[in-house]
Amino acid sequence: MISVLFVTLSLFFSFFAYAGDKDMIACIDDHPPYQYLGPEPYGSHITALKKLSKVLDRNLTYIQAPNFARCVALLESGHADVIAGLNITEERKEFAFYAPFKLADKLTIITKKDIAINTYEDFKGKIIGVPRGSTYFFKFDNDDSLNKVSIQNERVGLSLLVKERIDLMMTNPMMLDLHLSEIQRRALRVSPMSLDNERSKETYFGFSKKHNIGLEEEQIKLLISDAFKQGVFLPDPKNAKKLAPHY
């Protein structure tokens with residue numbers, strides 16, 4: 001009788017252990033057009049996470065965080081398994097591993113109308129808005145000579161530019177397009193800047209080394225690398241407008 005009960009309990013707990021292994025928790029923050037929070041989150045990175053769940057055969061759930069820095073903290077602690085769009089830094093390598101899912105977006109610089117940015121040296125002496133938890137490239141992220149101030153997100157950054165509380169911020173073409181009418185109305189200046197030699201060529205999923213996905217690190221990286229090469233994570237052109245609505 002005892003042996004039967006033991007086997008039954010073993011099967012019971014094995015079932016729930018296996019069910020837990022089939023889950024994957026992604027941390028997301030409000031970062032249009034990549035991520036929009038809500039009862040049904042959406043955006044290009046949300047779509048990529050949904051495709052990731054199919055590649056890994058896992059049930060996708062979300063933690064909706066107030067900012068990107070909070071997501072990084074949850075990833076470090078293991079409360080979140082994955083973040084879409086995590087840049088590689090030496091500090092993050094201590095608690096995260098990476099797999100690419102798309103080519104990196106170009107960077108564009110938005111400034112007050114009387115400021116032009118043509119080279120990296122033009123950053124000197126400027127007040128630069130940086131969304132909390134965001135990184136761009138090694139030289140910039142580790143340059144303590146620059147006057148970098150923390151901002152909540154790019155939308156707040158635009159407001160601070162208009163109020164002349166910051167001089168510039170960096171963003172991507174999708175974000176630029178999303179707020180183009182506001183940028184033009186406020187007569188802000190857009191300066192395309194080639195930083196390709198400074199930046200990673202790809203954008204990554206970042207996984208916690210404490211993840212509970214139920215797959216080995218090398219398995220995860222191999223499955224995603226193969227999917228990336230096959231174009232699995234490329235956006236569906238038919239859904240492009242849905243993923244980046246204009247306000």
Side-chain angles (χ1 to χ4, degrees), residues 21-29 31-36 41-63 68 71-72 74-76 78 80-108 133-138 141 170-177 194-244:
D21 286 347
K22 293 289 286 184
D23 291 332
M24 180 177 69
I25 302 172
C27 187
I28 58 176
D29 66 316
H31 193 177
Y34 300 120
Q35 298 174 166
Y36 295 85
Y42 63 100
S44 57
H45 281 186
I46 301 298
T47 299
L49 286 167
K50 289 177 179 178
K51 292 180 178 181
L52 172 66
S53 70
K54 293 180 180 178
V55 169
L56 300 182
D57 189 25
R58 294 298 181 264
N59 304 314
L60 178 63
T61 59
Y62 304 104
I63 296 176
F68 191 72
C71 277
V72 174
L74 290 170
L75 194 77
E76 182 174 8
D81 298 315
V82 64
I83 295 174
L86 186 70
N87 287 339
I88 298 175
T89 68
E90 290 303 314
E91 181 183 4
R92 290 172 182 172
K93 285 180 182 179
E94 296 294 320
F95 59 84
F97 64 92
Y98 300 83
F101 70 95
K102 70 173 185 177
L103 296 178
D105 294 328
K106 299 288 185 181
L107 274 181
T108 300
S134 293
T135 60
Y136 294 99
F137 51 93
F138 183 85
D141 299 333
M170 286 185 280
T171 188
N172 59 75
M174 291 179 70
M175 179 64 70
L176 182 68
D177 182 54
S194 178
L195 296 166
D196 291 346
N197 292 332
E198 304 281 358
R199 304 175 62 225
S200 172
K201 303 295 189 294
E202 296 164 339
T203 296
Y204 300 88
F205 291 121
F207 291 87
S208 173
K209 289 185 177 180
K210 298 178 181 179
H211 72 81
N212 292 299
I213 296 173
L215 296 171
E216 296 295 327
E217 177 179 329
E218 291 306 315
Q219 281 181 283
I220 293 172
K221 291 196 286 191
L222 181 60
L223 287 167
I224 296 171
S225 178
D226 287 344
F228 172 59
K229 291 174 184 176
Q230 295 170 25
V232 169
F233 300 108
L234 291 175
D236 182 351
K238 293 184 294 185
N239 294 329
K241 291 184 178 179
K242 294 180 182 178
L243 296 177

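Small disclaimer: the values here were computed from a predicted structure and weren't measured.
In terms of heavy atoms, Leu86 sits closest to Tyr98 at O-CE2, 3.4 Å. Among all heavy-atom pairs drawn from Tyr62 and Lys50, the shortest one is OH-CE, 3.7 Å. Closest of all the heavy-atom pairs between Leu75 and Ala96 is CD2-CB, 4.1 Å.
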Stepwise, does the side chain to side chain contact (heavy atoms under 4.5 Å, CB included) test hold for Arg58 with Leu215?
CA-CA 10 Å; Arg58 294 298 181 264; Leu215 296 171; 3.3 Å; yes
Evaluate the side chain to side chain contact (heavy atoms under 4.5 Å, CB included) criterion for residues Val82 and Phe207: first the C-alpha distance (whole Å), next the side-chain angles of each, then the deciding distance (0.1 Å), finally the verdict.
CA-CA 4 Å; Val82 64; Phe207 291 87; 3.7 Å; yes
For Phe97 and Lys209: C-alpha separation, side-chain torsions, deciding distance, then whether side chain to side chain contact (heavy atoms under 4.5 Å, CB included) applies.
CA-CA 7 Å; Phe97 64 92; Lys209 289 185 177 180; 4.2 Å; yes
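Here the straight-line distance linking atom CD of Glu202 with atom CG of Leu103 works out to 6.5 Å at 0.5 Å rounding. Rounding to the nearest 0.5 angstrom, the gap separating the CE atom in Met170 from the CG atom in Leu176 is 14.5 Å. Between atom NZ of residue Lys106 and atom OG1 of residue Thr171 there is a gap of 15.0 Å, rounded to the nearest 0.5 Å. The distance from the NE2 atom of His211 to the CD1 atom of Ile25 is 12.5 Å, given to the nearest 0.5 Å. Atom NE2 of residue His31 and atom OG of residue Ser134 lie 6.0 Å apart, to the nearest 0.5 angstrom. Separating the CG atom in Leu74 from the SG atom in Cys27 is a distance of 5.0 Å, to the nearest 0.5 Å.
Considering only heavy atoms from C-beta on, Leu49 comes within 4.5 Å of Leu52 through its side chain. Asn87 places none of its side-chain heavy atoms less than 4.5 Å from the side chain of Phe138. Here the side chains of Thr135 and Arg92 are in contact, with some heavy-atom distance below 4.5 Å.
Judged by distance alone, with hydrogens and angles left aside, the side-chain atoms of Lys51 form a donor-acceptor pair with the main-chain N or O of Leu234 at under 3.5 Å. In this structure, Gln35 contributes its side chain and Asp29 its backbone to a donor-acceptor pair below 3.5 Å. Looking at Lys201, its side chain never comes within 3.5 Å of a backbone N or O of Ala104 through a donor-acceptor pair. A donor-acceptor pair under 3.5 Å links the side-chain atoms of Asp81 to the main chain of Asn212, judged by distance alone.
With sequence neighbours left out, Lys102 forms a side chain to side chain contact (heavy atoms under 4.5 Å, CB included) with Tyr34, His45, Asp105, Thr203.
Exactly one of Leu222, Leu223, Ile224 qualifies for a side chain to side chain contact (heavy atoms under 4.5 Å, CB included) with Asp226. That residue is Leu222.
Taking the six-membered ring for Trp and thresholds of 30 and 60 degrees, Phe233 and Phe205 have ring planes more than 60 degrees apart, a perpendicular arrangement.
No more than 12 heavy atoms of other residues, nucleotides or ligands sit less than 6.0 Å from atom CD of Glu91.
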